[in-house]
Amino acid sequence: MCYAIPGLVEEIENNLAIIDYFGEKRKAYNELEHLSPGDFVYAQGGFVIKKIPPEEAQSILSTWKETFFELQEVDLRLSRLQLERKAISNDLLRILDKVLEEKTLSQKEALFLLNLEDEKERELLYKTANFLRRKYLGNSCCVHGIIEFSNFCSRNCSYCGISIHNRKLKRYRMSDEEIIQTAIQAIDQYGFQALVLQSGEDPCFPAKRLAELIKELKRQRPVLIFVSCGEVGERGLEILYQAGARGILMRFETSNPVLYEKLHPGYSLEERIQHLKIAYQIGYLIITGALIGLPGQSDEDLLNDIFLTSELRAEMCSFGPFLPHPETPLGHSRPPNKTRVLNALALIRILAPKHSKILVTTAFETLDPLARENGLMAGANSLMLNVTPAHFRKQYVIYPHRAHEKESLEDQIKQTLQLLYKLGRAPTDLGTEITNGENKA
Ligand code: 5AD
């Protein structure tokens, strides 16, 4: 839903619009033909999505104004950082001081944070990450919708429940019409501004077909589209971008090439990374990351995963726990514990570029019922809600017993808003901050 707040265009220079939100300045790339200073717009993920009539904008702004400042106040209160130094080791205090001074951590220091176990110490780590989240990104929380339109997949990822390993899974494909209708309902009825179109690598959905679908959807509604259909190749990426897709969600899964090839026999990490690099060059917003707790993953691997995510210039980091699926070769392996995942999220906030968003994944929510709240209080600031029709959703079993599998979208939204308001987060995406016309990043 990301309830976009209307913004007032102040300036446009070379397709870059400076937009004002209650005094805060943000920048967004503009692709609309007739846009001038003084216009009101919705922006999303750093792109201007649509122009809105001034009367409509004013009326929405007047209802938002109070809530906007109220939420900011709650967030400010909850993310204040009093460094409680009692019962905290000097090593940790020294490292966190370094973090707050924005100094680069050594590998040893980063690993120290990743492996923190003491509850009090971990609390301080999460608080520090949350403090940085607010400092760099304010209280906005991106809430994208995801449509899982096909669970056919030709790949052999040894952890994934929709891979070719799973012969018991009932496969489905939504029709083009169903996909477009689902998207339009998510936009019109529930207010989503950004949608992820996800599937396995399904030969029945080549880039050309997807491109037609995206064109049709964009013709009908202004929306930010992320594609998440695996490796479509350079040409595929170009076709999809031309059709109107502006983001890609694709994890590299692990930055360790040996582990990558073990988990994906016959495929190479290098190719996957190259794919993400090309996507960035074409202009896509990148959402990427890795699995936490993959069998065979070392602490150093996970740290390198975080560095690779930054190197790939992810605008959003997507890291979730590995959860065993019985119909896969890794079905008997153990998932990581909650602490590992929370420590990793906090460390991502500390190590990743300031303006990266961090997702709380459904896999983490499946691992622990409090994951969403805990993750948002440990550096994360993004969520994805599943807008796939319920009868298909339950067949998209990348791992068993997915959180929210059976909840209606209305309930998912209600719960999300309740939590966000409790934490003082606005379900909006205001984009990148500007100070005195300069990008802070
Ligand atoms: N546990 C957790 N996440 C998984 N994914 C696939 N299988 C699993 C699993 N068993 C994730 C992969 C993929 C995304 C769509 O789902 O990281 O990129």
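As the structure lists them, so they are numbered: ligands from 1, and atoms in each ligand from 1. If you read the sequence from its start, that first residue is 1, and numbering goes on from there.
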- Message: Surrounding CD of Glu270 (heavy atoms of other residues, nucleotides or ligands, distance under 6.0 Å), is the total greater than 12?
- Response: no
- Check step by step if side-chain hydrogen bond (donor to acceptor under 3.5 Å, both in side chains) holds for Thr416 and Arg372. CA-CA 9 Å; Thr416 305; Arg372 195 180 263 184; 3.1 Å; yes
- Message: Which protein residues come within less than 4.0 angstrom of ligand 1, counting heavy atoms only?
- Response: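 Only Tyr159, Cys160, Gln198, Arg251, Glu253, Leu291, Pro321, Phe322, Leu323, Ile398, Tyr399 have heavy atoms that fall under 4.0 Å of ligand 1, ordered by chain and number.
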- Is there a donor-acceptor contact under 3.5 Å linking the side chains of Glu231 and Tyr267?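 The criterion, which ignores hydrogens and geometry beyond distance, is not satisfied for Tyr267 and Glu231.
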- Item | Side-chain (Tyr284) to main-chain (Leu237) donor-acceptor, under 3.5 angstrom | yes
- Note on the structure: The side-chain hydrogen bond (donor to acceptor under 3.5 Å, both in side chains) partners of Tyr399 (sequence neighbours excluded) come to none
- Task: Answer with yes or no after comparing the ring centroid distance for His264 and Tyr159 against a 6.0 Å cut-off, counting only values under it.
- Result: yes
